[in-house]
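Inspection log for the structure reproduced underneath, given as structure tokens.
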Amino acid sequence: MSSNSAFRTSRRRSLQTMAGALAALALPNLGFSKAAPADPKNQYPAKVLDLVQRSLVIDMLGPLKLDFRPEAYAVPLTDAEADMFRSSGITAFHNSVGVGGASAYEDALQFIAAWSGFAGRNSDVFTLVGRAQDLDHAKAKQKIAVIMGLQNADEFREPKEVKAFYELGLRCAQLTYNSQNLIGSGSTDRVDGGISDYGIEIIKAMNEVGMLVDVSHSGDRTTLDAIELSPKPIAFTHSNCRALNNHPRLKTDEAIRKLAAKGGVMGITGVRNFVKDKEPTTVEDIVDHIDHVVKLVGIEHVGIGTDSDLMGYDHMPPDQYKQLKAGYKSSYAFRDKIDTDGFNHPRKMYDLTAALVRRGYGDSNIQAVLGGNFRRLLGSTWIDSQNKTGDKS
């Protein structure tokens with residue numbers, strides 16, 4: 001859901017009412033170091049600490065910073081920010097924003113360059129991901145893996161550019177955001193015509209190079225078409241279950257079943273209006289969505305995609321926060337808060353793990369949800385350039 005004014009990635013198709021404002025927007029520093037919680041050893045049971053710390057934890061939609069000034073990627077991490085990332089318990093962040101419109105190609109190039117450079121200049125904390133094995137290496141070296149992604153596919157001006165972006169480091173792309181593009185329809189479009197002929201070519205190109213297809217923001221028919229057309233499994237990196245919350249951005253049981261039948265994985269998000277349509281909205285309600293997927297298709301097909309940085313949307317400055325909310329269609333149904341209670345701080349994965357333990361999930365199943373399932377999906381989707389095959393581990 002995060003937008004990126006520095007790269008003019010302000011969801012042009014879905015945020016037209018705020019495009020002018022966001023184009024010049026410079027968000028102030030979000031003050032990560034001011035809100036870091038106490039040592040987790042003093043907050044969580046030993047079982048929860050052990051589970052998180054020995055698990056490969058993948059946030060399959062986690063922008064590194066909800067701060068879109070150039071300083072966000074140009075200035076080195078402070079010691080406090082580095083400590084916050086290291087103590088979050090998260091092994092890998094899928095660092096992804098939306099691009100769209102006439103400048104999507106240039107915006108995507110700048111985003112990849114800027115944040116790849118950020119990871120490189122802070123190499124004591126971060127490591128870039130090219131292969132699935134890199135996730136395992138990051139865990140072993142106690143570093144934070146960064147998966148580069150984009151929440152649209154307007155940057156692909158022709159199918160051959162999929163390979164070019166893959167070679168630059170792009171490992172995951174949504175086909176559409178909330179509105180129609182040349183590939184298909186978005187979740188808030190009135191009419192969904194499904195995947196276009198051009199979209200078929202893009203899906204084919206993504207499969208050939210080993211780029212993960214994501215349809216988190218796509219409309220219902222576009223979602224089903226993508227699952228059917230892709231020979232490899234795809235992902236809903238950050239969505240929830242419409243059966244529990246009748247929201248257009250969420251996925252139907254039919255879509256979840258078909259995703260799972262092809263071997264795909266669905267990441268559950270903590271965005272408040274996607275979790276529940278009334279108060280209170282807590283981390284327990286996030287687990288309800290996990291429960292629903294597990295009962296519907298099995299534990300192997302659910303993971304986490306928070307759709308937030310470590311601090312969350314509710315830490316944004318009030319004026320920018322107001323503009324962000326105003327830019328989406330009324331069907332998004334924002335309330336006072338965007339983050340879910342108990343899932344709105346840097347160590348939210350510990351709180352989620354504690355909730356899963358209370359719900360009766362065993363250790364191996366919790367590890368699957370925290371990252372094991374997405375690790376398997378990425379291993380079967382990404383192609384190792386050395387042997388031209390996916391990682392079967």
Side-chain angles (χ1 to χ4, degrees), residues 58 60-61 94 96 99 104-105 108 112 129-135 147-177 181-186 193-239 251 255-267 300-301 303 305 373-393:
I58 301 175
M60 206 53 203
L61 201 290
H94 174 207
S96 182
V99 297
Y105 178 79
I112 292 171
V129 168
R131 307 175 301 162
Q133 297 97 314
D134 295 336
L135 299 167
I147 303 167
M148 294 302 297
L150 290 167
Q151 292 189 57
N152 208 335
D154 278 351
E155 67 276 9
F156 303 142
R157 300 172 300 184
E158 51 185 322
K160 70 179 183 180
E161 289 184 342
V162 171
K163 181 178 180 180
F165 271 96
Y166 185 88
E167 290 170 339
L168 290 174
L170 189 66
R171 289 297 179 267
C172 178
Q174 279 187 184
L175 296 181
T176 66
Y177 194 64
N181 65 13
L182 293 176
I183 293 171
S185 298
I195 296 291
S196 67
D197 291 347
Y198 173 69
I200 293 174
E201 295 183 56
I202 293 296
I203 291 172
K204 179 181 178 182
M206 292 177 70
N207 274 271
E208 286 176 349
V209 301
M211 187 182 295
L212 181 65
V213 174
D214 182 10
V215 289
S216 296
H217 282 258
S218 297
D220 290 346
R221 181 176 172 185
T222 296
T223 294
L224 294 174
D225 281 357
I227 295 168
E228 180 180 353
L229 289 164
S230 177
K232 291 183 180 180
I234 72 170
F236 310 154
T237 61
H238 59 298
S239 190
K251 298 304 181 185
I256 297 169
R257 287 192 183 98
K258 291 188 175 181
L259 177 84
K262 291 286 287 282
V265 179
M266 177 177 184
E300 301 85 359
H301 303 287
N373 290 332
F374 271 123
R375 169 61 178 85
R376 183 190 69 250
L377 175 65
L378 296 174
S380 67
T381 303
W382 291 348
I383 293 176
D384 186 335
S385 60
Q386 294 178 353
N387 58 30
K388 304 300 182 184
T389 62
D391 168 31
K392 302 302 181 184
S393 62

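In this chain, numbering begins with 1 at the start of the sequence shown.
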Open item on the list: Once salt bridge (Lys or Arg N to Asp or Glu O under 4.0 Å) is applied, do any residues pair with Lys232, and if so which ones, sequence neighbours excluded?
Closed with: none
TODO: Sequence neighbours left out, what passes salt bridge (Lys or Arg N to Asp or Glu O under 4.0 Å) with Glu228? Give chain and number order.
DONE: none
Considering non-hydrogen atoms only, spot the tightest contact between [X] and [Y] and give its length.
X      : Y      : answer
Ala108 : Leu150 : CB-CD1, 3.6 Å
Val209 : Val162 : CG2-CG1, 3.8 Å
Ala132 : Trp382 : N-CE3, 3.5 Å
Gly264 : Leu377 : CA-CD1, 4.4 Å
Thr176 : His217 : O-CB, 3.7 Å

Task: Distance-only side-chain donor-acceptor flag, Ser216 / Thr237, under 3.5 Å - done: yes
Taking side chain as C-beta onward, heavy atoms only, is [X] less than 4.5 Å from [Y]?
X      : Y      : answer
Cys172 : Ser96  : no
Phe156 : Leu182 : no
Ile183 : Ile195 : yes
Asp214 : Gln151 : no
Met211 : Lys163 : no
Leu168 : Met148 : no

If you round to the nearest 0.5 Å, how far is [atom2] of [Y] from [atom1] of [X]?
X      : Y      : atom1 : atom2 : result
Asn181 : Leu175 : CG    : CG    : 8.0 Å
Phe374 : His301 : CZ    : NE2   : 12.0 Å
Arg221 : Leu224 : CZ    : CG    : 9.5 Å
Ile112 : Leu170 : CD1   : CG    : 5.0 Å
Leu212 : Thr381 : CG    : OG1   : 5.5 Å
Glu161 : Glu167 : CD    : CD    : 12.0 Å

TODO: Please say which of Leu378, Ile147, Val129 ends up in a side chain to side chain contact (heavy atoms under 4.5 Å, CB included) with His94.
DONE: Ile147
Task: Pairing residues for Ser185 by the side-chain hydrogen bond (donor to acceptor under 3.5 Å, both in side chains) criterion, not counting sequence neighbours - done: Gln180, Asp192
TODO: Only counting residues at least two apart or in another chain, list the ones meeting side-chain hydrogen bond (donor to acceptor under 3.5 Å, both in side chains) with Glu158.
DONE: none
Task: Arg171 side chain vs Tyr166 backbone, donor-acceptor pair below 3.5 Å - done: yes
TODO: If a pair satisfies side chain to side chain donor-acceptor pair (under 3.5 Å) and one of its residues is in residues 196-209, list it, with sequence neighbours excluded.
DONE: Asn207-Ser230
Task: By side chain to side chain contact (heavy atoms under 4.5 Å, CB included) - contacts of Ile227 (at least two apart) - done: Thr223, Ile234, Phe236, Lys258, Leu259, Lys262
